[in-house]
Amino acid sequence: MQQLSDSKSIYLQIGEMIETDILRGVLLEEEQAPSTNELARRFTINPATAGKGLNLLIEQGILYKRRGIGMFVSPGAREKILNKRRAAFSEGRLRELLIEAGRLGITKDEMIKMIEESDL
């Protein structure tokens, strides 16, 4: 897991870190997720803050609770995260990119050529 920053709420960062671990295959479906107390110790944060990040993922269907055992990665969690992040990318970064390209007079064909020629 990464480090916390001041850029956004800690509980949101906790949720995003767990999502990223799921996307990278660090956490697999049906595998146990870090507990509230583990996260609180690892990041030196209040357990309630860590719990809020985990509960957010439960609400989204990415994690689920097994009573008395802990939280686990839901079946289909990776696909849910991919869909959510793709939508956010399209609505945020891609939209901003296309608006700026329009301001600069860059055509669709020029954009495609730039993408094809990039080293990414």
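Values below: all heavy atoms of this structure, side chains included; hydrogens, waters and symmetry mates excluded.
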- Under the side-chain contact (heavy atoms from CB on, under 4.5 Å) rule, collect the residues that match up with Q60, sequence neighbours excluded. E19, L56, L57, I62, K84

Should [X] and [Y] be regarded as members of a common hydrophobic cluster, given that ILVMFWY residues are connected when their side-chain heavy atoms come within less than 4.5 Å of each other, either directly or indirectly?
X	Y	answer
F89	L23	no
L104	I99	no
I112	I106	no

- Message: Could you check whether T20 and R85, counting side-chain N and O atoms only, form a donor-acceptor pair closer than 3.5 Å?
- Response: yes

- Could you check L28 against V73 for side chain to side chain contact (heavy atoms under 4.5 Å, CB included), going step by step and ending with a plain yes or no? CA-CA 7 Å; L28 304 173; V73 179; over 6 Å; no

- Task: Could you name each residue pair satisfying salt bridge (charged side-chain N to carboxylate O under 4.0 Å, His left out) that touches residues 62-75, not counting sequence neighbours?
- Result: E30-R66

- For the residue pair L97 and M111, establish whether any side-chain heavy-atom pair is separated by less than 4.5 Å.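 The answer is yes; the side chains approach within 4.5 Å.
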
- Item | Close side-chain approach of R78 to L82, heavy-atom, < 4.5 Å |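 Sidechains of L82 and R78: in contact.
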
- Message: With side-chain contact (heavy atoms from CB on, under 4.5 Å) as the test, pick out the partner of L63 among L27, N55, I58.
- Response: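 Considering L27, N55, I58, a side-chain contact (heavy atoms from CB on, under 4.5 Å) with L63 is found only for I58.
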
- Does S118 use its side chain to pair, donor to acceptor, with the backbone of I115 at less than 3.5 Å?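 Yes, S118 side chain to I115 backbone: donor-acceptor pair under 3.5 Å.
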
- Message: Donor-acceptor check, side chain of S35 to backbone of E38, threshold 3.5 angstrom: yes or no?
- Response: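 Present.
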
- For P47 and N37, which heavy atoms make the closest approach, and how far apart are they?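 Answer, listing the atom of P47 first, then N37: CB-OD1, 4.1 Å.
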
- If every non-hydrogen atom of A40 is compared with every non-hydrogen atom of A50, which pair is closest and at what distance? N-CB, 4.2 Å

- Item | Note: R103-E100 ion pair, threshold 4.0 Å (strictly below) | yes

Could you state the interatomic distance from [atom1] ([X]) to [atom2] ([Y]), rounded to the nearest 0.5 Å?
X	Y	atom1	atom2	result
E31	D21	CD	CG	10.0 Å
I18	I81	CD1	CD1	9.5 Å
E16	Y11	CD	OH	10.5 Å
M17	L12	CE	CG	11.0 Å
M71	Q32	CE	CD	9.0 Å
N83	K80	CG	NZ	10.0 Å

- Which is it for F43 and I14 under the side chain to side chain contact (heavy atoms under 4.5 Å, CB included) test, yes or no, and what are the steps along the way? CA-CA 9 Å; F43 296 109; I14 295 291; 3.6 Å; yes

